[in-house]
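Below is one structure, written out as structure tokens; the observations come after it.
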Amino acid sequence: QVQLVESGGGLVQAGGSLRLSCVASGRAFLTSTIGWFRQAPGKEREFVACVSWISSSSTYYAEPVQGRFTISRDNAKNTVYLQMNALESEDTANYYCAATSEYKPSWIIRGSVYGSWGPGTQVTVSS
């Protein structure tokens, strides 16, 4: 199991950019798919993006962020990044990273398969 801590959130104007970081502790990081999820007030948690441990090029995105967000992992630093560009007010939420040993695409977009979660970092986009 891994422990996760997010950072990089903040207040940004619409159209701006932020880069979130998710730092993991433990050797299990190398065999962990890392996902980003978000939850806005009054809304359910939703999938944002994930990167498989099978290959760092195996990345998946939710449709609303496709083309604007980029997920990447640096195994040497036990860190996963979420680069967020062209931010919109609808992106305002608390962002969480999570870890799972799953790697099948149909599973790793589901929050229920993730067993370890970070405390979250708040992203607020002003319009």
Side-chain angles (χ1 to χ4, degrees):
Q1 199 166 7
V2 296
Q3 287 74 48
L4 306 168
V5 178
E6 307 93 338
S7 64
L11 175 64
V12 63
Q13 289 188 332
S17 299
L18 282 175
R19 188 177 79 159
L20 305 184
S21 298
C22 172
V23 178
S25 60
R27 297 183 65 181
F29 174 80
L30 296 179
T31 55
S32 293
T33 290
I34 303 296
W36 284 98
F37 294 79
R38 66 187 182 186
Q39 187 167 22
K43 295 187 177 181
E44 293 187 353
R45 182 183 65 196
E46 64 176 355
F47 168 76
V48 175
C50 65
V51 55
S52 170
W53 64 268
I54 296 294
S55 170
S56 59
S57 62
S58 295
T59 58
Y60 305 89
Y61 298 91
E63 191 277 334
V65 307
Q66 184 81 37
R68 298 188 297 122
F69 290 12
T70 302
I71 190 170
S72 61
R73 66 188 298 158
D74 185 339
N75 287 339
K77 296 182 178 181
N78 273 27
T79 301
V80 170
Y81 303 100
L82 185 68
Q83 178 66 44
M84 307 187 295
N85 298 330
L87 283 162
E88 305 168 352
S89 57
E90 291 79 10
D91 296 317
T92 295
N94 207 359
Y95 284 70
Y96 302 89
C97 63
T100 178
S101 58
E102 282 287 349
Y103 57 88
K104 295 179 181 177
S106 60
W107 285 98
I108 58 177
I109 62 174
R110 305 181 188 187
S112 59
V113 306
Y114 290 80
S116 298
W117 292 81
T121 186
Q122 177 68 37
V123 172
T124 303
V125 184
S126 63
S127 57

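Residue Gly35 comes nearest to Cys50 through the heavy atom pair CA-CB, 3.7 Å, listed as atom of the first residue, atom of the second, then distance. Nearest heavy atom pair, residue Leu18 against residue Gly8, reads CD2-O, 3.8 Å. Taking each heavy atom of Pro119 and Val5 in turn, the nearest pair found is CD-CA, 4.3 Å. Among all heavy-atom pairs drawn from Gln83 and Ser17, the shortest one is NE2-CB, 3.9 Å. Here the closest heavy-atom approach between residue Leu4 and residue Ser116 is recorded as CD1-O, 3.5 Å. What you find for Leu82 and Ala49 is that their closest heavy atoms are CD1-CB, 4.2 Å.
From Ser56, atom OG reaches atom CD1 of Ile71 across 11.0 Å, with rounding to the nearest 0.5 Å. Atom CD of Glu46 sits about 9.5 Å away from atom CD of Gln39, to the nearest 0.5 Å. Annotation: the span from Ser72 atom OG to Ile34 atom CD1 amounts to 12.0 Å, rounded to 0.5 Å. The structure places OG of Ser127 at 8.5 Å from CD of Glu90, a figure rounded to the nearest 0.5 Å. Here the OG1-CG distance, from Thr124 to Asp91, works out to 11.0 Å after rounding to the nearest 0.5 Å. Atom-to-atom distance recorded for Ser32:OG and Arg27:CZ is 12.5 Å, nearest 0.5 angstrom.
Val123 and Tyr81 fall into different hydrophobic clusters, where Ile, Leu, Val, Met, Phe, Trp and Tyr side chains are chained together by heavy-atom contacts under 4.5 Å. Cluster annotation: Tyr61 is connected to Trp36 through the hydrophobic network of ILVMFWY side chains, with a link wherever side-chain heavy atoms come within less than 4.5 Å. Note on Leu30: it clusters hydrophobically with Val80, by side-chain heavy-atom contacts below 4.5 Å among ILVMFWY residues.
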Checking Val12 against Met84 for the side chain to side chain contact (heavy atoms under 4.5 Å, CB included) test, could you report, in this order, the C-alpha distance in whole Å, the side-chain angles of both residues, the deciding distance, and whether it holds? CA-CA 11 Å; Val12 63; Met84 307 187 295; over 6 Å; no

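Not one N or O on the side chain of Asn78 forms a donor-acceptor pair closer than 3.5 Å with the backbone of Ser25. Between the side chain of Thr59 and the backbone N or O of Val51 there is no donor-acceptor pair closer than 3.5 Å. Using modelled atom types, one side-chain atom of Thr33 and one backbone atom of Glu102 make a donor-acceptor pair closer than 3.5 Å. Remark: side-chain polar atoms of Glu6 are paired, donor with acceptor, to backbone N or O of Cys97 under 3.5 angstrom. At distances below 3.5 Å, not a single donor-acceptor pair connects side-chain atoms of Trp53 with backbone N or O atoms of Tyr103.
Hydrophobic cluster membership of Tyr96, counting Ile, Leu, Val, Met, Phe, Trp and Tyr whose side-chain heavy atoms lie under 4.5 Å apart directly or via other members: Phe37, Phe47, Tyr60, Trp107, Ile108, Ile109, Val113, Tyr114, Trp117.
Under the 4.5 Å side-chain criterion, counting only non-hydrogen atoms from C-beta, Asn75 is in contact with Arg73. Side-chain atoms of Arg68 and Glu88, non-hydrogen and from C-beta on, do get closer than 4.5 Å to each other. Side-chain contact check for Gln122 versus Thr92: some heavy-atom pair is nearer than 4.5 Å.
Residue Gln66 places its CD atom among more than 12 non-hydrogen atoms of other residues, nucleotides or ligands, all under 6.0 Å distant.
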